[in-house]
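Note that this is a predicted model, so its numbers are computed, not measured. We name chains A, B, ... by the order of the sequence lines, and we start the count at 1 in each one.
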Amino acid sequence: MGLGSDMYRQQILDHYKNPRNYGELEDPDFTHVGENPSCGDTIRVDVALDDGGETIDTVRFSGDGCAISMASASMLSERLEGMTIEELHALETDDITEMLGVEISPMRVKCAVLGRQVTQDGAKIHRGELDPDRIEE
Amino acid sequence: MGLGSDMYRQQILDHYKNPRNYGELEDPDFTHVGENPSCGDTIRVDVALDDGGETIDTVRFSGDGCAISMASASMLSERLEGMTIEELHALETDDITEMLGVEISPMRVKCAVLGRQVTQDGAKIHRGELDPDRIEE
Amino acid sequence: MGVQEQYPFDVQAVRADFPILDRLVGGDPTTVGQDDSDDTPLVYLDNAATTHTPEPVVDAIANYYRGYNSNVHRGIHQLSQEASVAYERAHDTVADFIGAAGREEIVFTKNTTEALNLVAYAWGLEELGPGDNVVLSEMEHHASLVTWQQIGKKTGADVRFIEVTEDGTLDMADAAEKIDDDTEMVSVVHVSNTLGTVNPIRELADMAHDRDALIFADAAQSVPTRPVDVTDLDVDFLAFSGHKMCGPTGIGALYGREAILDAMSPYLYGGEMIRRVTYEESTWEDLPWKFEAGTPSIAQGIALAAAIEYMDDLGMERVQAHEELLAEYAYDRLTDLGSVEIYGPPGDERGGLVAFNVDGVHAHDLSSILNDYGVAVRAGDHCTQPLHGKLGIAASARASFYVYNTVEEVDALVDAVSDAYDLFA
Amino acid sequence: MGVQEQYPFDVQAVRADFPILDRLVGGDPTTVGQDDSDDTPLVYLDNAATTHTPEPVVDAIANYYRGYNSNVHRGIHQLSQEASVAYERAHDTVADFIGAAGREEIVFTKNTTEALNLVAYAWGLEELGPGDNVVLSEMEHHASLVTWQQIGKKTGADVRFIEVTEDGTLDMADAAEKIDDDTEMVSVVHVSNTLGTVNPIRELADMAHDRDALIFADAAQSVPTRPVDVTDLDVDFLAFSGHKMCGPTGIGALYGREAILDAMSPYLYGGEMIRRVTYEESTWEDLPWKFEAGTPSIAQGIALAAAIEYMDDLGMERVQAHEELLAEYAYDRLTDLGSVEIYGPPGDERGGLVAFNVDGVHAHDLSSILNDYGVAVRAGDHCTQPLHGKLGIAASARASFYVYNTVEEVDALVDAVSDAYDLFA
Ligand SMILES: Cc1ncc(COP(=O)(O)O)c(C=O)c1O
Ligand SMILES: Cc1ncc(COP(=O)(O)O)c(C=O)c1O
């Protein structure tokens, strides 16, 4: 058996079926929506900041997608709380797959990192470091 | 050895080096020029008719081309004199290769039949049976 | 009686021609080709995307390169003569196969997509303008949908879509309305690569011709799977791809009615398609070479002819019967699971493919899990995003069958789908 | 010292990779492949038209079809992953080979001709208009000459030709005049397929960029025969074909500077090149996929990478040295015959080809006779009709060399030419 069964270990299925921090914030500091067109996955992330905008206080995500993208966003949302924006931007693809605790097949990596990408892009747009029209999906 | 050496038997070379009926007519009944663009061969045929326009009296040809097209036009010009227009139109590719007395490789057939084609087209245009703009070369 | 006993030909004998069917999968997906970590037998059900290539076709390719590889058309030397004869004859083979008059009506292209673009550029850009319209269907593949949409934007012509009914067929009353006196082109898919619907091309051709419009049949899914005759269908253009019918990648064919192709200006410019060139002006070669600029896909054209001979030996009626047998069996078994939604017409009225979703399982997850069982299906939008939008889904999984697939492979699919449902339930 | 001793690599070892070189010819030219009537060893000197295909490349093709044939990009199953990895990596291989920044800058096309048309359509139709001009050279191949000529007619842009001097090189003073402030594109052949001239692309690139024009190098004859680096040449576009460099037919590559490709609209529309499609609108994929519509030439792209690896193993400096050695030897020996006129620069300043005419022998007759000696050369206009017109000839014969050709084969050519002259004298 290959990666597939591995990819759907209990933890992933649990986060997919019972996503943590699922929902929206009433008054977020920033909100961003992104999609992975090859899957049709869409994720919205709402973030409230703290510490003069340097630290992430609360995260909510919502959206629709495959188990990998949803579980990854759910697990990420737990990690993000308390992280600095700098730490957010330092998150690499390897950090995400390590967090997921399973090997991700190459065609599914875009699903796995969608939540991270949306959060990073949202933070950059919030700080004026990214033009929303120039996002490469 | 294949067709090549065969193709250049003495008779062909003789007609190529000493073309019969080479030249132009002062007052032809019809004149036609045709070319084989893949070779760059060009042949002009002048024909004088007899017998109320039904029979070929005199033929002259001129032009520039490979040994196969020139020798074929030369040999054809001898045959044509005295032929009826109907007989001219009945001439098929096989008749030409038979006249040449050698096997013609497939890529050279267009060279071999150029003289015949030009004469046939000229006769048809003369009789108003062919629109000069619609000739497929 | 087992379904197997109804096979119209010896499927095991066919399978023996396809060494790839013996592959194991399931290991490291970044290693190209089988390796030691692969341990699960392959069940290949992604034939609507591309079919496999039987040994006679692989041999035709190797024989070309090892035996008579050469550039065509203009060469006097023997290798060039041989390559020219084989390449030109391949056009005759295609013409015969689809009932065209002769090689003048067969242009080799890269694939179906290029064939559609060729007509859209060479015919569409010249003939279309504001006030004109082009009629497609809502189930078009992106190859035709995006192409005519963009040519519409360039020319100002309106692009309209015949509606798909609840049961996944074309609304022919809507077709009769959309095809009107301003219609210049009707471009419709013959067999839908998503719904499996077999569209009434002849009826649409009659409607188009009644309005002096042309009709283009996208036959990417029909020529590989059933007898197709351009004269019976009365189409003006038709296109298909070699890689979906046991042929190589990189080759497709456009059929065009001779008088129409003849009146069209060329599309790509370059060598082989010209007659006379000066620095100021050019004139064009005869059909079909006028539309084949540059060194053609010689080996691929010859191999396409070999693929057609392979299919012809099986017999296209029998190929169709085999497709229908597997499609109906898969439709019934998947339906019996209760947790599966299938798109398109019933099992006994469709081409050899089934697109579906499983309750609670995203199509991409499903495909990943099936892959784990060795079962290769496609998951995504199958290049019909707008149709998926209309169906209210972002993606679906699609199992599609070909001459080497078996009832047991459908069973493997159904078992894996059932396990995936349980995993997520 | 014999010329053979100067070979930069073991030519006999190379020959062993090409089974076609052992073919006999001379028999019935309508039988495809060797038959009993063939009795003369082949001397293949038509490499500028197409080169032969070594076993590792034929194997790469067969391994694809037998081992991991699948459609690419969108598939989650393992075969699709493997095919995608190999196909995408092939773009990296091409990028590395010609010094491009990465796969974003490499678009796979059918051949050089399609690459030129892609830019002419996608860039030219948008950017050119009356008052603008495109500068070519008088020695352009029809692939670029006819394409820009026709795009000029469609857009109203002027098309100009840098003159070729008596000695077969570009008149650079004329280039400096023709390239002016209204020039939008300079499109020049790198190595002429007729004259063998190696054009100063970098100098022309500087001239073009000084006038804010772009430059397109037709590298169909240069990438196969010498080291080519797009950064050193500072070109904006460059194109070549796989079949002229040990690769398969049906594949070529377009290099484009990323920023320019990025700003260009797509050319062919369809699957794989889109991001989002609705019935009304479409958006495009990232580079290079935006320019690769439909199922790509997967096997051919992968085999092109295998061909590049084969060439890279030989070493492009050494390939160039071998080409030059044979070209100079052939030039000298043909010149010594006294009855031969060669077109283009001297033997020590040219690419690996020699186009010529023999006094009193039409090029087509010459080619027929040489074929009888097993010697395959091309006869005709080599897709440079206007240049032939300027030279005052309708046709020429061309011998062109590649990595497997030997000094003895040049001797066979020269002997046959000499006999042909005698036959007609
Ligand atoms: C200089 C040059 N440009 C362009 C081409 C066209 O190449 P292709 O026929 O592979 O498109 C050729 C070869 O025929 C060539 O020699
Ligand atoms: C119905 C239909 N049309 C067009 C195409 C495009 O074919 P290709 O990618 O070979 O150009 C496909 C296959 O993807 C198809 O299924």
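The residue among C:Glu114, C:Glu138, C:Lys153, C:His388 with the most heavy atom pairs within less than 4.5 Å of chain D is C:Glu138. Taking chain D as the reference chain and counting heavy-atom pairs below 4.5 Å, the highest number among C:Val146, C:Ile151, C:Val57 is found for C:Val146. The choice from D:Gly67, D:Ala62, D:Ser84, D:Ala143 that makes the most heavy-atom pairs within less than 4.5 Å of chain C is D:Gly67. With chain D as the partner, the residue from C:Cys383, C:Ala83, C:Ala49 showing the most heavy-atom pairs under 4.5 Å is C:Ala49. Top candidate by heavy-atom pairs under 4.5 Å with chain D, chosen from C:Val58, C:Thr384, C:Leu268, is C:Leu268. Of the residues considered (D:Ser367, D:Ala379, D:Pro54, D:Ala86), D:Ser367 shows the highest number of contacts with chain C, using heavy-atom pairs under 4.5 Å. Interface check for chain D: of the options C:Thr31, C:Val375, C:Val25, the most heavy-atom pairs under 4.5 Å are formed by C:Val25. Taking D:Gly301, D:Pro248, D:Pro266 one by one and counting their heavy-atom pairs under 4.5 Å with chain C, the maximum is reached by D:Pro248. The residue among C:Thr295, C:Leu370, C:Ile61 with the most heavy atom pairs within less than 4.5 Å of chain D is C:Thr295.
Taking CD of D:Gln150 as the reference point, atom CD1 of C:Ile274 lies at 11.5 Å (rounded to 0.5 Å). Here CD1 of D:Ile251 is found 8.0 Å from OG1 of C:Thr249. Values are rounded to the nearest 0.5 Å. C:Ile369 CD1 to D:Ile76 CD1: the interatomic distance, rounded to the nearest 0.5 Å, is 10.5 Å.
For a residue to count as touching a neighbouring chain, one of its non-hydrogen atoms must lie under 4.5 Å from one of that chain's; by this rule C:Asp381 touches chain D with the side chain only. Looking at C:Gln300, the atoms closer than 4.5 Å to chain D (heavy atoms on both sides) sit in the backbone and in the side chain alike. Looking at C:Asp38, the atoms closer than 4.5 Å to chain D (heavy atoms on both sides) all sit in the side chain, from C-beta outward. Heavy atoms of C:His364 lying under 4.5 Å from chain D belong to its backbone as well as its side chain. For C:Tyr65, the parts sitting under 4.5 Å from any heavy atom of chain D are the backbone and the side chain alike. If you measure heavy-atom distances from C:Val377 to chain D, the contacts under 4.5 Å come from the backbone alone. With a 4.5 Å cut-off on non-hydrogen atoms, D:Thr30 touches chain C through its backbone but not through its side chain. For a residue to count as touching a neighbouring chain, one of its non-hydrogen atoms must lie under 4.5 Å from one of that chain's; by this rule C:Ser144 does not touch chain D. Of the two parts of C:Glu280, only the backbone, made up of N, CA, C and O, holds a non-hydrogen atom closer than 4.5 Å to a non-hydrogen atom of chain D. For C:Arg276, the parts sitting under 4.5 Å from any heavy atom of chain D are the backbone and the side chain alike.
In this structure, the side chains of C:His142 and D:Glu272 stay at 4.5 Å or more apart for every pair of heavy atoms. In this structure the side chain of D:Leu42 never reaches within 4.5 angstrom of the side chain of C:Gln78, judged on heavy atoms. Counting heavy atoms from C-beta on, the side chains of D:Val277 and C:Pro386 come closer than 4.5 Å. Side-chain contact between C:Gln385 and D:Ser282: absent, with no pair of heavy atoms (C-beta onward) separated by less than 4.5 Å. C:Ile298 places none of its side-chain heavy atoms less than 4.5 Å from the side chain of D:His243. In this structure, D:Leu145 and C:Tyr279 have side chains that are in contact, with non-hydrogen atoms separated by less than 4.5 Å. With contacts defined as side-chain heavy-atom distances shorter than 4.5 Å, the pair C:Val32/D:Tyr64 does not qualify. At a threshold of 4.5 Å between non-hydrogen side-chain atoms, the residues C:Ile20 and D:Leu79 count as touching.
Contact between D:Ser297 and C:Gly250 at its shortest, heavy atoms only, is OG-CA, 3.3 Å. Scanning all heavy atoms of the two residues, the minimum distance from D:Arg66 to C:Pro19 falls at CG-CG, 3.8 Å. Across all non-hydrogen atoms, the minimal contact from D:Thr51 to C:Asn69 is O-ND2, 2.9 Å. Here the closest heavy-atom approach between residue C:Thr113 and residue D:Ala293 is recorded as CG2-CB, 3.8 Å. Scanning all heavy atoms of the two residues, the minimum distance from C:Gly33 to D:Glu82 falls at N-OE1, 2.9 Å.
With D:Asn111 contributing its side chain and C:Gly294 its backbone, the two residues share no donor-acceptor pair below 3.5 Å. Remark: the backbone N or O of C:Asp28 is not paired with any side-chain donor or acceptor of D:Gln81 at under 3.5 angstrom.
Judged purely by distance below 3.5 Å, without hydrogens or angles, the side chains of D:His77 and C:Asn371 never pair a donor atom with an acceptor atom.
Taking the six-membered ring where tryptophan is involved, the planes of C:Tyr267 and D:Tyr121 are tilted, since the angle between them lies from 30° to 60°.
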